Amino acid sequence: MKREAIREFFRRLAEANPHPTTELEYGTPYQLLVAVVLSAQATDKSVNLATRKLFAAAPTPEAMITLGEEGVAEHIKTIGLFRNKARNTVALSRQLLERHGGEVPHDRAALEALPGVGRKTANVVLNTVFGDPVMAVDTHIFRLSNRTGLAPGKDVLAVEQALMHRVPKDYLKDAHHWLILHGRYVCTARKPNCAACIVRDLCEFRDKTA
DNA sequence: ATCCCGAGGG
DNA sequence: CCCTCTGGAT
């Protein structure tokens, strides 16, 4: 996709949704961090169902440690990968208390050192909690970036770097949520709804059936 | 490259 | 039935 097409691409997404945000439900930065860890290979909807119960029982890192792995697991059993996620949630809460006074650090290396937190989750937290202009490349953004020709790349890191170079600076902070939402509701994995797509004419894929 | 792993959609 | 969902650790 050419420069001018890319600018027009984001101009339209911005016009359609001026203030994009996450669909994960949370009350504090700590809760957002936990929700993002739980969201790996799971839908936001299923995560929200679980975190309503989980955060009511344990809204803080201290309470999460008291609840314990088994207690956390009981609340999140309906999400895939729940045993790993329960273990990571408790371990991550301990590390926040031991190293960061119970607060979510505004620091990539510190975030990635937390159990269950990799580059993608760290980027979501940096962007959503702190408003940093970074791109978290998840399954939606990877697919959409390659399919449309917006920012092709062979792996998620290549796509992230391509996006950082190609997305106009003034759109970078909001680009993450625009792309997630467009991928979730229009540019879907199996049968993209090209007929309803507002950037269809800019796309290198359009409604090819491949 | 493989494992983890439930729910919803098609 | 198979595929997908805001991945990370080994």
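Numbered from 1 within each chain, the chains take letters A, B, ... in sequence-line order. Predicted, not measured: the structure shown is a model, and the values here were computed from it.
Across all strands shown, A/T139 has heavy atoms under 4.0 Å from sugar-phosphate atoms exclusively, and none from any base. Counting non-hydrogen atoms under 4.0 angstrom, A/K191 reaches nothing in the nucleic acid. Residue A/R143 is classed as a sugar-phosphate contact, given heavy-atom separations below 4.0 Å to backbone atoms only. A/V117 comes within 4.0 angstrom of the backbone, heavy atoms only, and of no base. As judged by a 4.0 angstrom heavy-atom cut-off over every strand, A/R83 is placed among residues touching the sugar-phosphate backbone only. Looking at heavy-atom distances under 4.0 Å, A/L81 makes contact with a base. Using a 4.0 Å heavy-atom criterion, one finds that A/T188 contacts no nucleic acid atom at all. Using a 4.0 Å heavy-atom distance criterion, A/V36 is classed as making no nucleic acid contact. Using a 4.0 Å heavy-atom cutoff across all strands shown, A/L114 reaches sugar-phosphate atoms only and no base atom. If you check every strand for non-hydrogen atoms under 4.0 Å, A/A189 touches sugar and phosphate atoms only.
For the pair A/E74 CD and B/dG6 C1', the interatomic distance rounds to 14 Å; values are reported in whole Å. If you take CZ of A/R87 and P of C/dG7, they are 19 Å apart, rounded to a whole angstrom. For A/N48 and B/dA7, the CG to C1' distance is 14 Å, given to the nearest whole Å. Between the NZ atom of A/K85 and the C1' atom of B/dC3 there is a distance of 14 Å, given to the nearest Å. Rounded to whole Å, atom P of C/dG7 lies 16 Å from atom CG of A/L157. For A/L33 and C/dG8, the CG to P distance is 11 Å, given to the nearest whole Å. For the pair A/F82 CZ and B/dC4 P, the computed distance is 12 Å after rounding to whole Å. For A/H140 and C/dG7, the NE2 to C1' distance is 13 Å, given to the nearest whole Å.
A distance of about 15 Å separates the P atoms of C/dT10 and B/dC5, rounded to the whole Å.
Between A/T121 and C/dG8, a side-chain N or O to OP1/OP2 separation shorter than 4.0 Å is present.
Linking Ile, Leu, Val, Met, Phe, Trp and Tyr residues whenever their side-chain heavy atoms come within less than 4.5 Å leaves A/L97 and A/V34 in two separate clusters.
Heavy-atom nearest nucleotides on DNA chain B were determined for A/R190 and for A/S46, and the one closer to the 5' end corresponds to A/S46. Comparing A/S39 and A/P115 along DNA chain C, the residue whose closest nucleotide (by nearest heavy atom) sits nearer the 5' end is A/S39.
Ion pair A/D138/A/R184 not flagged as a salt bridge, since none of the NZ, NE, NH1 or NH2 atoms sits closer than 4.0 Å to an Asp/Glu carboxylate oxygen. At a threshold of 4.0 Å, the pair A/R12-A/E15 does not count as salt-bridged, since none of the basic side-chain nitrogens sits closer than that to a carboxylate oxygen. A/K45 and A/E23 are not joined by a salt bridge, as no carboxylate oxygen comes within less than 4.0 angstrom of a charged side-chain nitrogen.
Here the closest heavy-atom approach between residue A/I76 and residue A/A86 is recorded as CD1-N, 3.8 Å.
Using a 4.5 Å cut-off on side-chain heavy atoms (C-beta onward), A/L96 and A/P105 make contact.
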